[in-house]
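Side chains included, hydrogens not; waters and symmetry mates left out as well; all remaining heavy atoms used. Below, chain A is the first sequence line, B the second, and so on; all start at residue 1.
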Amino acid sequence: MASNLSAAPDFHLTIPQSDKRRPIFFTAPIRQNLTKKRLTISCNSSRSSPKSSRNLKESLNPKNPSLSDQLKPLSATTLSTTEDNRTHLLSKPKSTWVNPTKPRKSVLSLQRQKRSPYSLNPIVKELRLFAQKLNDCDSSNETTFLSLLEQIPYPLTRENALLILNSLKPWQKAHLFFNWIKTQNSFPMETIFYNVVMKSLRFGRQFELIDNLANEMVSNEIELDNITYSTIITCAKRCNMFDKALEWFERMYKTGLMPDEVTYSAVLDVYAKLGKVEEVLSLYERGVASGWKPDPITFSVLAKMFGEAGDYDGIRFVLQEMKSLGVQPNLVVYNTLLEAMGRAGKPGLARSLFEEMVESGVTPNEKSLTVLAKIYGKARWAKDAMELWERMRSNDWPMDFILFNTLLSMCADLGMEEEAERLFEDMKRSEHCRPDSWSYTAMLNIYGSGGNASKAMDLFEEMSKLGVDINVMGCTCLIQCLGKSRRIDDLVRVFNVSIERGVNPDDRLCGCLLSVVSLCEESEDANRVLACLQQANPRLVALVRLIEEEKTSYETVKEEFRVIVGDTAVEARRPFCNCLIDICRSRNLHGRAHELLYLGTLYGLYPDLHHKTADEWSLDVRSLSVGAAHTALEEWMGTLTKFVQRNEALPEMFSAHTGTGTHRFSQGLANAFAAHVEKLSAPFRQCEERAGCFVATRDDLVTWVRSRSPSPIIA
DNA sequence: GTAGGGTTAG
């Protein structure tokens, strides 16, 4: 074992023994694991594929272990207790102690690959014109293109060919031209030609062609350099072929070529996109330990990764690292961090970071403002949203289509109707940002949630006139609004027209129709809405008919309910159940309503309804409809009554959470709850300290139960 | 888009 160890190649990814900067990686068990793994890899390395065995370099370096194999022990052992280690890594102060007798092994080249100098070409202008002519020709006709090539006005030198190759788009033309140069045999094909055409192919996401070209380079012994590898890797990444990206990175290591910082950060992004946070951190650490000073692009990759994970500690780590390494965030890093803060649920910190960005002299662009508008809308920070809006106007910050639409959505979230109307008019007047179906959807959302059915219908007519397609969300908003205003004629028409125009009703739209059914007082209206629903979800209509029929057994309802819930999108399951309960209550089928609440609980639709501690039992009805909340309260009171009657131990305090109904869509629950409690004379009072919360003491509740309950109570 | 890496919408 010992002799094997010493014989093992001193590969550049070997963990530096002296580095104390991130102690978690350098404990003895990890090192042993790494070493064991390396031996395994050395034994298996003769198992090379037929293709790679043709590659001299690769087969001559069988002892180079692969990168991911070296990472495996880290993720499989130390990193399996990830939480502890992560905390450790993200919070441990750095030590700069370095053992001078054991120099660090490098995992990347600190020198970025130099580009070969481009010789100045005196006929650039004419060649560009020629390339333009090629770009303009009918791209579907290969023969035309190839015959045009014969008219090249200058000799096909290396420089001339490169210039044209660089100017050709789309990728099909660059690829044709590349293949044509090869047939001309005017000069040897160098790496740069492959690199240029690969970049073009990457725009077309043609990974297979790139993969083939790369293998062709290997076969023809044309050197693959860092530019080649980074292009291959990023193309695979953009095609979501992450395994291929890592495969090529490993092939690079096996040939003994060191990645430079561009390739290295591209691979960091591959691991980041795979959600392999530990591997990214491990690579990052090793890079830094090799003396690499990561640039803003690397930090953007890290920030994006932590943002995706909603990992606030990770975001702090990125900020800390940049500070301690003296890297000033640029616009992209700020934008990525802003979005990450939003995802981590930190709107306040996003706001501070935005101020810091502006103060540091970085002018926000469309993306920064889009991200921030989204955050303020989601957080319902109307005041900040308004201020942002004013600043955008007064500073003349840039606007684009996405920003317009995001601002409209933000207005919809915050009920900012007038501002939305101004924006919408701005869009209509603009040249490049005319309202599209997304913009109309936001406006339908605003008018719909504000109960302005007439304006919403006007928009719908306008869309028909202008030929803007209505989408399923716009249709849902409009139908919800028309239902609340009981404009059933319009509702039916909107539904039918939308279906004709290709809207594919989803479960949310069905839920919306079902909620309208629960609102209909006239059975004729309900039947017309059900006829719409019949087109979209006949089985749901059948369930409504079943539950309305008193003689339907509980078992039958249960089975049908189970099947429907299983077939429904997760986000629409609870709304379905809420509406069904509401329908029962509006038809005085209270027993059925209780059955449905029970079934909803059984199938996990109300996971947080009850909460118990030693001191307090609470009922959280915030995600319930009014009818479902009534039912849940009745159920709870029934249970508590039994407890009181049996003299069982009860906590000091009881609370019911309705929420404050600040959101325009969810008004009324607190009011309805208060009215219901009053009707029952139940001792629940609105809690002053906790908004949207009703509380009752044990003593009051017991007194109340006893006063209502004639059944024998054991004192 | 002028040989390679990172950011924007229910």
Side-chain angles (χ1 to χ4, degrees), chain A residues 112-118 121 124 127-128 131 135 162-171 174 190-200 202-204 224-235 237-238 245 259-270 272-273 294-305 307-308 329-340 342 364-375 377-378 398-410 412-413 436-439 441-442 444-445 471-474 476-477 506 508 571:
Chain A
R112 190 187 287 214
Q113 185 187 316
K114 297 252 184 326
R115 297 184 185 198
S116 56
Y118 229 83
N121 201 325
V124 168
L127 284 170
R128 275 196 205 286
N135 282 339
L162 264 179
L163 206 143
I164 294 169
L165 187 60
N166 257 318
S167 319
L168 288 180
K169 55 188 172 187
W171 63 269
E190 300 166 32
T191 306
I192 187 168
F193 286 92
Y194 283 89
N195 289 349
V196 174
V197 78
M198 278 185 182
K199 186 181 175 187
S200 189
R202 193 184 60 178
F203 279 114
L224 284 79
D225 62 15
N226 259 285
I227 296 177
T228 323
Y229 282 111
S230 58
T231 311
I232 300 168
I233 289 163
T234 53
C235 178
K237 186 173 72 187
R238 285 177 202 185
D260 66 6
E261 64 171 338
V262 175
T263 315
Y264 202 72
S265 60
V267 170
L268 275 184
D269 195 35
V270 174
K273 293 272 179 314
D295 64 2
I297 292 181
T298 311
F299 288 115
S300 165
V301 167
L302 294 181
K304 174 88 185 173
M305 172 182 76
E308 291 287 332
N330 66 11
L331 179 61
V332 177
V333 173
Y334 272 121
N335 289 351
T336 314
L337 281 167
L338 283 172
E339 206 204 345
N365 68 357
E366 299 88 333
K367 291 181 187 182
S368 333
L369 300 166
T370 300
V371 165
L372 209 57
K374 221 174 111 189
I375 290 173
K378 227 167 101 185
M399 292 282 278
D400 69 0
F401 194 59
I402 295 177
L403 179 54
F404 261 119
N405 279 340
T406 307
L407 286 168
L408 279 178
S409 300
M410 178 189 81
D413 282 337
D436 67 347
S437 68
W438 191 295
S439 329
T441 301
L444 286 171
N445 191 359
N471 62 24
V472 67
M473 186 186 171
T476 306
C477 292
D506 61 5
R508 286 187 201 212
E571 75 273 8

Worksheet item: Does A/Gln113 or A/Leu168 map to a spot on DNA chain B nearer the 5' end, using the closest nucleotide for each?
Response: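 On the 5' side of the pair lies A/Leu168.
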Worksheet entry | Nearest-Å distance once atom P is located in both B/dT7 and B/dG1 |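 Nearest-Å result for B/dT7 against B/dG1 at atom P: 14 Å.
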Item to complete: Please state the C1' separation for the pair B/dG6 and B/dG10 - nearest whole angstrom.
Response: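 Roughly 26 Å separates the two C1' atoms.
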Report the nucleotide, chosen from [options], that has the shortest atom-to-atom distance to any side-chain atom of [X].
X: A/Ile192; options: B/dG6, B/dA3, B/dG10; result: B/dA3
X: A/Ala266; options: B/dG6, B/dG5, B/dT7; result: B/dG5
X: A/Met473; options: B/dT8, B/dG10, B/dG6; result: B/dG10
X: A/Ser265; options: B/dG5, B/dT8, B/dG6; result: B/dG5
X: A/Val196; options: B/dG10, B/dT8, B/dA3; result: B/dA3
X: A/Thr441; options: B/dA9, B/dG10, B/dG6; result: B/dG10

Item to complete: For the residue pair A/Thr441 and A/Asn471, confirm or rule out a side-chain donor-acceptor distance under 3.5 Å.
Response: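 Present: a donor and an acceptor within the cut-off.
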Worksheet item: Are A/Asn365 and A/Asp400 close enough that a side-chain donor and a side-chain acceptor fall under 3.5 Å?
Response: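 A/Asp400 and A/Asn365 do not have a side-chain donor-acceptor pair below 3.5 Å.
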Whole angstroms only, please: what is the [atom1]-[atom2] distance between [X] and [N]?
X: A/Ile232; N: B/dG5; atom1: CD1; atom2: P; value: 13 Å
X: A/Lys304; N: B/dG5; atom1: NZ; atom2: P; value: 17 Å
X: A/Asn471; N: B/dG10; atom1: CG; atom2: P; value: 13 Å
X: A/Trp438; N: B/dT8; atom1: CH2; atom2: P; value: 13 Å
X: A/Glu308; N: B/dG6; atom1: CD; atom2: P; value: 14 Å
X: A/Asn335; N: B/dG6; atom1: CG; atom2: P; value: 15 Å
X: A/Asn405; N: B/dG10; atom1: CG; atom2: C1'; value: 11 Å

When you measure from the side chain of [X] to the backbone of [Y], do you find a donor-acceptor pair of N or O atoms at a distance under 3.5 Å?
X: A/Ser167; Y: A/Leu163; value: yes
X: A/Asp295; Y: A/Thr298; value: yes
X: A/Asn195; Y: A/Met198; value: no

Using a cut-off of 4.0 Å on non-hydrogen atoms, how would the nucleic acid contact of [X] be classed: base, sugar-phosphate, or nothing?
X: A/Asp269; answer: sugar-phosphate
X: A/Lys169; answer: base
X: A/Thr298; answer: base
X: A/Val197; answer: nothing
X: A/Asn330; answer: base
X: A/Arg238; answer: sugar-phosphate
X: A/Ser200; answer: base

Ignoring backbone atoms, test whether [X] places a side-chain nitrogen or oxygen under 4.0 Å from the OP1 or OP2 oxygen of [N].
X: A/Lys367; N: B/dA9; result: no
X: A/Arg115; N: B/dT2; result: no
X: A/Lys378; N: B/dA9; result: no
X: A/Arg202; N: B/dG5; result: yes
X: A/Lys273; N: B/dG6; result: no
X: A/Lys374; N: B/dA9; result: yes
X: A/Arg112; N: B/dA3; result: no

Donor-acceptor pair (no angle test) under 3.5 Å: [X] side chain, [N] base:
X: A/Asn135; N: B/dG1; result: no
X: A/Ser300; N: B/dG5; result: no
X: A/Asp295; N: B/dG5; result: yes
X: A/Asn166; N: B/dT2; result: no

Item to complete: Not counting sequence neighbours, which residues clear ring pair (Phe, Tyr, Trp, His ring centres under 6.0 Å) with A/Tyr194? List them please.
Response: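 Ring pair (Phe, Tyr, Trp, His ring centres under 6.0 Å) check on A/Tyr194 returns A/Phe178.
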Worksheet item: Looking at residues at least two apart in the chain, or sitting in another chain, which of them share a side chain to side chain contact (heavy atoms under 4.5 Å, CB included) with A/Asp506?
Response: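 Scan of A/Asp506 (side chain to side chain contact (heavy atoms under 4.5 Å, CB included), adjacent residues dropped) gives A/Val472, A/Arg508, A/Leu509.
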